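If you're wondering where the values come from, they're calculated on a predicted model, not measured in any experiment. Order of listing sets the numbers, starting from 1, for every ligand and every atom in it.
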Amino acid sequence: MKEQELMELFADLSIEEKIGQMLQLSGNFYETGDTEEAVLTGPALEMGIGEKEIFHAGSVLSVFDSEKIMDIQKRFMQKHPHHIPLLFMGDIINGYRTIFPIPLAQGCSFDPEEVKHAAEVAAEESALSGLHVTFSPMVDLVRDSRWGRVMESTGEDTYLNSCMARAMVEGYQGDDLNKKGNIAACIKHFAAYGAPTAGRDYNNVELSERTLREFYLPAYKAGIDAGAAMVMTSFNTLNHVPASGNKWLMQDILREEMGFEGVLISDWAAIEEMIAHGYAKDKKEAAKLAIEAGVDIDMVTSVYIKNLIKLLEENAISMEQIDACVLRILRLKNALGLFENPFKDLNAEELKKSILNEEHRALARMAAADSMVLVKNDGILPLQEKKDKIAVIGPYATSKHLYGFWSILGREEDTVSLEEGLKRRGLKETPVFAEGTYVLPEDYEFSGIVAGEGKRREKTEKEFLVEALEAAAAADKVVIAIGEHAYQSGEGGSRSEISIAQNQIQLLRQISKVNKNVVAVLFHGRPLDLREVEKYANAVVLAWFPGSEGGNAVWDILFGDVNPSAKLSMSMPYSIGQVPVFYNEYRTGRPFHGEKGNRFLSRYQDIPNRPLHPFGFGLSYTTFSCSSVEVSSEKLGDEGVTASVTVTNTGKKAGKEVVQLYVQDVTGSTVHPVKDMRGFEKISLEPGESRQVSFHITEDMLRYYDIQMQYICEPGEFRIYIGDSSDTENYATIVRE
Ligand code: BGC
């Protein structure tokens, strides 16, 4: 529709229709064939809304079935006075039916191109199902592994998250929302949802403006610059103000500074929750605060629909404020081409051919292998496919729940388990499988979610153990597949412990007594305390929740078909006591470098300062050397400086290395972190091959907020680090005059 036509349509809308656009309902308002009944008995009654409001709404969330979408859209458009189509939105986080690794794992690939392809596949399948918008990517910076939602982020680093935000937005949206296979992206959760106090979900966030701007905001900005059509507010308060009513955050920063012109949606009931926060006295005030902040859509409450007209009548808000919101929503519908075709790409037949097709599965397999991080290897890996007699032990030996908490459409029957993956390879020596124990002890209770593992307990722990020990004793090598339950992470999945359940650790301990060749493969949604696992296992592979092809990808890694190349997107804490622990901590006046006998340094008495494995760390089956950093000039002029290293594959296998660039501002008008990532390049090298890797350093890469809150590169010395992890001490110094 031409802009002119859109404006004509807009001018013709009643106030009820306009405000209707700002309401998002869940699918169950429409899913029944008998709407009247839904109105009388369903959630609509609770919300105090009737059929009129339901058929004035602007969008729907969480309907994933193409037939239902088709049916709802048809019925809706007949009843809507101006036949304006609904927008269908949903959480497609790491894939639609072809499930990719969880985002935290995708971050470990350090491969934005691959991440973009995964988003393209997710968009294609979603678009064919009839969805128009995904509530992804979540680009919240995460530093606290107690928080269950770290799994949805791409990690602890601003630069890496920005690259991944861009890649995902480009993957979902392509270059034109109207084109086939493209859906709108929604950057979330604005802002700083990833920093809840004490790692407890929905808790308050307290960040200085400097920290917010330097570390937390850039990834949202990168997603917006990539053209993201939508942004979602966060649940949390930021420095005492709930995000959904934070005018400074939404108007001054998001709209003015970042130039975001798209649709801003609240998170689930987040406008109403401002009452519980103690920020709004009632729903009417909540509506006023949110509209003043410029929130366009109220997700699943009647706060807007019940109060905006009253507020208008009282002149407490203006028609211009409403109009601005409605126009943004209509423009998104128009950009998706919904006025011409309200079903966009919906096509049940094509959907069947698209989901989990060979190409999608191949990409999911590659993405999974490329995100698995090898953190320990005494030489046992890669396993020898032609020789080793393997026992696969542990609850994840046979489990098909490999897709994580947020994969709404992930299905066990679509997922390749470790058992299936290994059997498909047709080994000479028949492998043995034994679960050994359950993921969680029998008495473990999840609050608010179906307890246990959804599985009948057919054997006692003792029977399980006997079977597992026999299998382990008879094998050359044991692969033990253990980890967290998928429900231990994700939304509402905060934990005060970051270890694997003791029953699984016991199993590992027992196995290690009867077999000295143990490889641990871990399935998990957060960084874990790995000390015990590393003590008993000869090698440790972090598989995260790898998705539909997880069981194939693990063997690709274990047999060396794929040489591990992933690097940690989040530091692996030494223990829970360090959390939050992240590489770019600030310099202290009393730094600790492991000296003995000095109490009065910034240190713990009982544990090291360093995480067990830092951000950017990951092993390979080959080894790489890196030369010292050479700079084209020691003085940084306006044209920039080139910093280079030569990386050599010094081992016997071809492999990929993530060459990482960090900077440190040695002295400034404020204190800066020990180092901050500013670039990376993933390169492939044959054995013996060398490659020069260069980064062009410009003044804008050395900017920080100075004491006046100006974002500038202050004169003085900078260290330019290039290496294989955030731990690198390989640097050259340059000076900005
Ligand atoms: C989550 C969002 C999600 C929304 C809609 C909320 O509970 O915080 O990330 O997009 O639900 O499902």
**OP:** Check whether any N or O atom of Ser62, backbone or side chain, sits under 3.5 Å from an N or O atom of ligand 1, and answer yes or no.
**Re:** no

**OP:** Report yes if Glu491 has an N/O atom closer than 3.5 Å to an N/O atom of ligand 1; otherwise report no.
**Re:** yes

**OP:** Measure from the ring center of Phe88 to the ring center of Phe343 and say whether it is less than 6.0 Å.
**Re:** no

Original post:
Would a line drawn from the ring center of Trp147 to the ring center of Tyr193 be shorter than 6.0 Å?
Top reply: yes

**OP:** Compute whether any side-chain donor of one residue and acceptor of the other, for Glu114 and His117, lie under 3.5 angstrom apart.
**Re:** no

Original post:
Would Thr158 and Glu214 count as having a side-chain donor-acceptor pair, cut-off 3.5 Å?
Top reply: no

Subject >> Sub-4.0 Å heavy-atom approach of Glu152 to ligand 1 >> reply: no

Subject >> Sub-4.0 Å heavy-atom approach of His189 to ligand 1 >> reply: yes

Original post:
Which residue owns the protein heavy atom closest to atom 5 (C) of ligand 1, what's the atom, and how far is it?
Top reply: Asp91 OD1, 3.2 Å

**OP:** Quick one: look up the protein heavy atom nearest atom 4 (C) of ligand 1 and list residue, atom name and how far away it is.
**Re:** Asp267 OD1, 3.4 Å

**OP:** Go through the steps to decide whether Asp414 and Ile99 satisfy the test side chain to side chain contact (heavy atoms under 4.5 Å, CB included), and finish with yes or no.
**Re:** CA-CA 9 Å; Asp414 297 339; Ile99 305 298; over 6 Å; no

**OP:** Just let me know how Arg149 lines up against ligand 1, side chain, backbone, both or neither, with a heavy-atom cut-off below 4.0 Å.
**Re:** side chain

Original post:
Side chain or backbone of Lys188 under 4.0 Å from ligand 1, or both, or neither, by non-hydrogen atoms?
Top reply: side chain

Original post:
Is Arg146 paired with Asp144 through a side-chain N to carboxylate O contact shorter than 4.0 Å?
Top reply: yes

